[in-house]
A.B. asks: 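Below are the structure tokens for one structure; questions will follow.
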There are 2 protein chains.
Amino acid sequence: MQARSEKASRKSSAAGVAPLSDCTCFAIRAAMRNVTQFYDEALSSSGLRITQYSILTRVFERGGLTMNELADLLVMDRTTLTHNLRPLQQQGFLELAVGDEDRRQRRVMLTPAGDEARLAARELWKVAQERFDAKVGADHARALRSALLAVAHTDLGVSRD
Amino acid sequence: MQARSEKASRKSSAAGVAPLSDCTCFAIRAAMRNVTQFYDEALSSSGLRITQYSILTRVFERGGLTMNELADLLVMDRTTLTHNLRPLQQQGFLELAVGDEDRRQRRVMLTPAGDEARLAARELWKVAQERFDAKVGADHARALRSALLAVAHTDLGVSRD
DNA sequence: AGCGAAAAGGTGTATGTCCACGTATTTTCT
DNA sequence: AGAAAATACGTGGACATACACCTTTTCGCT
């Protein structure tokens, strides 16, 4: 029994109906799924997922940051970061140190083993990135990346903590 | 102890180093997190998440599809769809029917209760969408959506099943 | 008819994501 | 100093995502 509270006989893209393809959030999530699968598959032999590679790379670029600072840089919920750090800590890729001046803080440090994993994954990442650029066009990819980073840092009025 | 296998004293955006901000996958995931939080918060009083709203809307637009067909339309892994349907089934918003000709198939049907939930959420979705468009500019939002849908449907060589 | 390949779908596990809530520590105010 | 507020962070639960593996059913071929 298919419910029909709107006239489904006419195309749903008609004025006022708003098909799913109009939803920016659906579009970004669908694209995310496709792109993440591609990058994760490219990185698979390294044992790192793209999220983990992102975290290790950020910590390499800016080591010794607190959880809050790192989460902000990653545009990631603080508690999400806590969960995501667990497997990386268990593998010995990252370590947490209590802050010197403020003992509430946890400073995230990259270990030598973590840096090795990052370097190995970086080679695989490069291949994926180049292949993606070739698929969609390098210029378009750069423009898209720029637009996405802008959206990522746009304050949409989400109450964060 | 901060590992340093590259000269971190010079800017990591220098040639050959590839900072995290160059990663298209990180950019799309970061933007996804920000945008999803915004839409989910807007939909929260409806009891639906944006993923659930997307599924209900797709089933409304194209009812009676099989799992494979629906997963393809949603650019979602088949097994992810299976998991995502569970809470919607338990709430009585969707029903699965064994296929008439092929008993392996499951046809996904929207229930009247599911359509009610969809309609209620749609009003909240509209507000979020309009507010997003106002934030980033309607033209830019439309172009971004279009580009993201194209990326979502680009064959990047991911082996699906 | 019967057998092996292919297709449709579910389950289990691990990670990713975020909210509500709780704990420990620091800061602020009186 | 001491209480209250603010801050930094963790935990538990629910949904989101995808891979490896499994079962059921259908198809293709002899």
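Order of the sequence lines sets the chain letters (A, B, ...), proteins ahead of strands, with each chain counted from 1. In this text the structure is predicted, and so the values were computed from the model without any measurement.
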A.B. asks: Donor-acceptor pair, distance only, cut-off 3.5 Å: does the side chain of B:Thr154 make one with the backbone of B:Leu156?
C.D. replies: no
A.B. asks: Is A:Thr79 side chain donor-acceptor paired with the D:dC9 base, going by distance under 3.5 Å alone?
C.D. replies: no
A.B. asks: Please check the phosphate of D:dA16 (OP1 and OP2 only) for any side-chain N or O of B:Thr80 closer than 4.0 Å.
C.D. replies: no
A.B. asks: Side chains of B:Arg106 and B:Thr66 only: does a donor on one sit below 3.5 Å from an acceptor on the other?
C.D. replies: no
A.B. asks: Calculate the interatomic distance between B:Leu48 atom CG and D:dA16 atom C1'; express it in whole Å.
C.D. replies: 15 Å
A.B. asks: Please confirm whether any donor atom in the side chain of B:His83 sits under 3.5 Å from an acceptor in the base of C:dG12, or the reverse.
C.D. replies: yes
A.B. asks: Starting from the 5' end of DNA chain D, give me the residue, B:Gln91 or A:Asp40, whose nearest nucleotide shows up first.
C.D. replies: B:Gln91
A.B. asks: Take the protein atom CD of A:Gln52 and the nucleotide atom C1' of C:dT17, then report the distance between them rounded to whole Å.
C.D. replies: 14 Å
A.B. asks: Nearest 0.5 Å, please: how far is CZ in A:Phe132 from CZ in A:Phe38?
C.D. replies: 8.0 Å
A.B. asks: Is a side-chain donor-acceptor pair under 3.5 Å present for B:Asp77 with B:Thr79?
C.D. replies: yes
A.B. asks: Taking only side-chain N and O atoms of A:Asn84, does any of them lie within less than 4.0 angstrom of OP1 or OP2 on C:dT15?
C.D. replies: no
A.B. asks: Does C:dA7 have its OP1 or OP2 closer than 4.0 Å to a side-chain nitrogen or oxygen of B:Asn68?
C.D. replies: no
A.B. asks: Using OP1 and OP2 only, check whether a side-chain N or O of A:Thr82 sits under 4.0 Å from D:dG10.
C.D. replies: yes
A.B. asks: Please report, rounded to the nearest Å, how far the P atom of C:dG16 is from the CG atom of A:Leu74.
C.D. replies: 12 Å
A.B. asks: So, A:Arg131 and A:Gln129: side-chain donor and acceptor under 3.5 Å apart, yes or no?
C.D. replies: no
A.B. asks: Among D:dA16, C:dT17, C:dG16, which nucleotide sits nearest the side chain of B:Thr51?
C.D. replies: D:dA16
A.B. asks: Quick check against the 3.5 Å criterion: does A:Asn34 have a side-chain atom that pairs as donor or acceptor with the backbone of B:Ala152?
C.D. replies: yes
A.B. asks: To the nearest Å, how far apart are B:Asp77 CG and C:dT13 P?
C.D. replies: 18 Å
A.B. asks: Quick one: label A:Thr66 by what it contacts on the DNA or RNA (base, sugar-phosphate, nothing), any heavy atom closer than 4.0 Å.
C.D. replies: sugar-phosphate
A.B. asks: Report yes if a side-chain nitrogen or oxygen of B:Arg86 is closer than 4.0 Å to either non-bridging phosphate oxygen (OP1 or OP2) of D:dA16; otherwise report no.
C.D. replies: no
A.B. asks: Specify the closest pair of heavy atoms between B:Arg118 and B:Leu56, including all atoms of both residues, with the distance to one decimal.
C.D. replies: CD-O, 3.9 Å
A.B. asks: Looking at B:Arg49, I'd like to know whether one of its side-chain N or O atoms comes within less than 4.0 Å of OP1 or OP2 on D:dC15.
C.D. replies: no
A.B. asks: Write down the distance between CG (B:Leu81) and C1' (C:dG9), rounded to a whole number of angstrom.
C.D. replies: 11 Å
A.B. asks: Nearest whole angstrom, please: distance from the P of C:dG16 to the CZ of B:Arg33.
C.D. replies: 10 Å
A.B. asks: With nearest nucleotides of DNA chain C determined for A:Ile50 and B:Met67 from heavy-atom distances, which residue corresponds to the more 5′ nucleotide?
C.D. replies: B:Met67
A.B. asks: In whole angstrom, give the distance that lies between atom CG of A:Leu85 and atom P of D:dT11.
C.D. replies: 12 Å
A.B. asks: Does one side chain, of B:Arg107 or B:Gln105, offer a donor that lies under 3.5 Å from an acceptor on the other?
C.D. replies: yes
A.B. asks: Whole Å only: how far is the CD atom of A:Glu69 from the P atom of D:dT7?
C.D. replies: 15 Å
A.B. asks: Measure from the side-chain heavy atoms of B:Arg106 and tell me the nearest of C:dT11, C:dG16, C:dG10.
C.D. replies: C:dG10
A.B. asks: For DNA chain C, determine which residues of residues 96-105 of chain A have any heavy atom closer than 4.0 angstrom to one of its atoms, and list them numerically.
C.D. replies: A:Glu101, A:Asp102, A:Arg103, A:Arg104
